[in-house]
Structure formats: C-alpha cells, structure tokens
Visitor: 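This is the structure I have questions about; it appears just below.
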Amino acid sequence: MNWLIKHANILNSKGELEPVEVKTNGNKIAEIGTGLSNTGEMEYDARGMLLSPGFVDLHVHLREPGGEHKETIETGTKAAAKGGYTTIAAMPNTRPVPDDIETLDWLHNRIHETASVRVLPYGAITERQAGKELNDLEAMKQHGAFAFTDDGVGVQSAAMMLEAMKKAAAIGASIVAHCEENTLINKGSVHEGRFSASNGLNGIPSVCEAVHIARDVLLAEAAGAHYHVCHISTKESVRVVRDAKRAGIKVTAEVTPHHLLLCEDDIPGLDPNFKMNPPLRGKEDRDALIEGLLDGTIDFIATDHAPHTKEEKGEGMELSPFGIVGLETAFPLLHTNFVQKGIITLKQLIDWMTVKPSEAFNLPFGTLNAGSDADFTLIDLEKKETIQPASFLSKGKNTPFSGWECTGYPQATFYQGQQVWNGGEA
C-alpha cells in the first residue's frame, strides 16, 4: 500500500515548521513537497502534526530469547512503534546470548517473523558475556551483528577489551560498553549519595563508571576503534568523554531520558521503579548531563528500555532488578520538560532521537529524503495525556513516570512504508 500524507508540518534546517506532504512508493519515500496529487495512494490527514523521521534507539532490551515473561520482540517492537521509533538496537543480555552465528541467525529469523520495526541485534563481545573468551567478531558481523557489547556487564580485563577493540577496528565495527568497575560496585542498589546514606543502602559511587570510561577511551585510542559509552550518568564521566573527544579519540556517548529528568533527590522512598543501572545520581550530575548534551559531548538520547515483571519489581529496592521501560514515554517526557520549558529546541530533540544516533554509527536512517526508507512518525505536539502504565504495549509497566502529564505524542508511525501504529492500535 502506498501513502499520501497530507497537511503535515516538517522542521526545516532553521528549526521552523513548514507545511509538507509526503508520498510513499513501496518501502521508500517517493516525493516530499506541497500540493502533491493523489495517484491512487491511501491518504492520511495529519491535521498539522509534526512529521519526523522515525526515531532511532540504539539501546533497548527485548528479552527474547529467554526472558519472554518480561518482553518479546513482538511486544517490544509494538511499544517502539507506539513511541515513534522505527529503528531499535537490541542488547545481547538474553539466554542464550547472541555470541555465535547460530544464535544470531535464529534471532534474525525471529525478528523477521515478529518485529513491527527494524531491529539491529548486538553481538556479545565475550562468550556468554563472561569476559573470559573473545567471540569471533568477524563471523558474527557477517551474520548481521550490528555492533558488539557485553551490556549489563563491564568488560573487566583491559587486555580483553583492547583485543576486542583491535578486532572490531579491523572489521569496521563498534565496541559499545556498559561501564562499571566491579570492585567498586559495593553491592549497591542506588547511587552513593544522600539517598543511600539516609536510607541505609549500599551505594554505587560515581567513580565506578568514570574509571572504566577513562580506561576504555585510552584503549580505543591505542586500537583506533570507535568506542561508544552506554547511558552515561556522572559529571566525571562527561568530563572524561569531553577530554577524549578533544584529543581526537573516536568516542561517542548516549544519555537516557530518566537521567536527564531525575536525580536521587526525586526518589520517593524505597520505590523499585526508581532503581536503574546506572542509578539516578546527584543533581550536579544531572546538570552535567544536560550541559554535555547541549555542547555535543553526549551525542544522542537512548532509552535503555528494560522491562521487568510486576513481581520482580515488587521485591524491594535492594533485591529487585535494575531497569525501567522507556520506549513509549521518551518523546512526550522530553518534549514537555525540555522543549516546552525552553531548555532545548524541538529540532535539537528530534536530532538527538533520529539523525544523531544514526550518524554516530554510520547508519542510513533518521532523515527524510526522497528515495530513503519510508520510516517516519507523525506527532501531535498539542496532545496532552497522563502516563498510565496499564496502557503500555510493552509487557513491562515499570516506570517512575506514572501519573506525569505530558504534551506531545506520536499518533501514527510508518515503517518501510507500512503503518505500524495508528494512535490506538498497533
């Protein structure tokens, strides 16, 4: 089915809204302009909504295989489509881990069978993410591994990380890192700060993350590799990445909506929906993250969508698993609390959710051009709703943002020219 999108607006290079119409042909954008004639296409009346490139999220946990009680590729990609995402990258902390070509092949087949949007699977750096045996990165890339990470587990051996970076550089692949020095985790469940002290909890210190990043940027320089930092969370980490970029090291970094919006002062008692890894840090850390995003130290926004069951999250702050969901709430939260308050522009937000992650990994997504993939979302910037986890399409309902009133929601999402979200049904 081909589409003609009528009465939409698009952001121009100056960040101004302009009227636009878009015509698709198969899985491609055929024309972008105004006054386009209908030559047999199905029409969608956008009623002045913003037409954005489909969002790109390079840090998502889909849980399948092995964790289907939390999420599946089917439910996770439906949640992504509802949130305006057309490209997501799935982390490898599944069971089995995608650490060989057989598992990757199975994963690609499952994605083809059940996904609503594009899923780029990560391959694990080491066998079973155990940090002991390096996987065959070249063979895994040939079988569709998007990039390589042991996400959820920092690679503890500098020698292992250097070898992985050298092999990745040789095949033009990226190394992506969840950064934690295990000897500094301190069995923590929250940030080491005021909240941990007042509640008698073990805390994870900021240096636990920053020291790993400092090590890795120097290894990346030695290897000539592209190194990407997951969910950066501390002011020290921002400083390390900023200095590394100034030194010409090929390092990029992402930040999550929850680390931009919340700090430890916002945790309302021992609510496990405020437990994530990295944890919510101090206010000065949150301010540094915003500054780092604005000055280009941090390259883009990623959700770290991490669904868990109600029962798992009901085990208390110390025992419940880390993580929150984010695909369905990212844009409205950021639009309401940053764009509408004048902290950032709408164009900056759209860029950080589309073209910037694509540029960081040399992906051909996140833009709107005739001839490109017909991946886009239509956003009603005036639509106001209260976040209600019961309405999520994700199996996970674990969010700290329940009850937040937000303005600006995707109303239709198109992937490869097919409508995969229509404002009420996926």
Side-chain angles (χ1 to χ4, degrees), residues 27 53-68 70-124 129 140-152 173-174 176 228 230 254 256 300-307 323 325-328 330 353-354 357-358 360-366 372-377 392-396 410 413-421 426:
N27 63 351
F55 300 154
V56 177
D57 189 347
L58 300 185
H59 192 144
V60 170
H61 299 270
L62 296 180
R63 305 303 189 198
E64 188 176 5
E68 288 86 352
K70 301 173 187 276
E71 191 78 287
T72 64
I73 293 167
E74 180 179 7
T75 59
T77 57
K78 284 183 176 180
K82 181 182 176 183
Y85 291 92
T86 55
T87 300
I88 60 176
M91 287 295 173
N93 58 339
T94 56
R95 294 296 178 267
V97 174
D99 56 6
D100 56 34
I101 61 176
E102 291 79 15
T103 306
L104 276 169
D105 288 346
W106 180 92
L107 193 54
H108 278 291
N109 287 333
R110 189 66 174 162
I111 290 165
H112 177 73
E113 292 168 355
T114 65
S116 299
V117 301
R118 181 181 295 105
V119 179
L120 307 175
Y122 281 97
Q129 299 174 283
M140 292 169 67
K141 184 185 179 187
Q142 291 173 353
H143 282 253
F146 157 62
F148 298 97
T149 182
D150 276 1
D151 180 68
S174 301
V176 176
H228 178 73
C230 290
E254 72 193 32
T256 70
F300 59 85
I301 295 169
T303 66
D304 191 12
H305 176 82
V325 293
L327 286 169
E328 297 170 69
M353 296 181 70
T354 59
S358 300
F361 285 79
N362 296 313
L363 297 171
F365 311 125
S372 65
D373 285 355
D375 299 347
F376 50 86
T377 187
F392 290 171
L393 296 186
S394 169
K395 285 189 175 185
T413 301
F414 293 78
Y415 166 62
Q416 298 261 287
Q418 301 299 311
Q419 189 175 7
V420 292
W421 167 248

Visitor: Taking only residues two or more places apart in sequence, or in another chain, which ones meet Y122 in a ring pair (Phe, Tyr, Trp, His ring centres under 6.0 Å)?
Guide: F146

Visitor: Test your reading of the model: is there a side-chain donor-acceptor pair from D57 to the backbone of T303, 3.5 Å cut-off?
Guide: yes

Visitor: Do T72 and E68 meet the criterion of a side-chain donor-acceptor pair at a distance under 3.5 Å?
Guide: no

Visitor: What are the two closest non-hydrogen atoms of V97 and T103, and how far apart are they?
Guide: O-CG2, 3.7 Å

Visitor: Say whether, by atom type as modelled, one donor and one acceptor occur between the side chain of R63 and the main chain of P307 under 3.5 angstrom.
Guide: yes

Visitor: Report yes or no: does T413 contribute a side-chain atom to a donor-acceptor pair with the main-chain N or O of V420 at less than 3.5 Å?
Guide: no

Visitor: Are L120 and T87 close enough that some pair of their side-chain heavy atoms sits under 4.5 Å apart?
Guide: yes

Visitor: Which heavy atom of A124 sits nearest a heavy atom of Q129, and at what distance?
Guide: CB-CG, 4.2 Å

Visitor: Is there side-chain contact between L107 and T94, with at least one heavy-atom pair below 4.5 Å?
Guide: no

Visitor: Is there any ring-ring contact (aromatic ring centres under 6.0 Å, His included) pair reaching into residues 77-112, and which pairs are they, with sequence neighbours excluded?
Guide: F55-Y85

Visitor: Side chains of L327 and L393: does their closest heavy-atom pair fall under 4.5 Å?
Guide: no

Visitor: Quick one, P65 and R110 - any side-chain contact, counting heavy atoms below 4.5 Å?
Guide: no

Visitor: Within the structure provided, determine whether S394 and E328 are in side-chain contact (heavy-atom separation under 4.5 Å).
Guide: yes

Visitor: Which heavy atom of T377 sits nearest to which heavy atom of P410, and what is that distance?
Guide: OG1-CB, 3.6 Å

Visitor: Would you give the length of the straight line joining atom CE of M91 to atom CG of L58, rounded to the nearest 0.5 angstrom?
Guide: 8.0 Å

Visitor: With a 6.0 Å cut-off on ring centres, are H59 and F300 close enough?
Guide: no

Visitor: Flag the pair R118 / I111 as yes when at least one side-chain heavy-atom distance between them is below 4.5 Å, and no otherwise.
Guide: no

Visitor: Does some side-chain heavy atom of V176 sit less than 4.5 Å from a side-chain heavy atom of F361?
Guide: yes

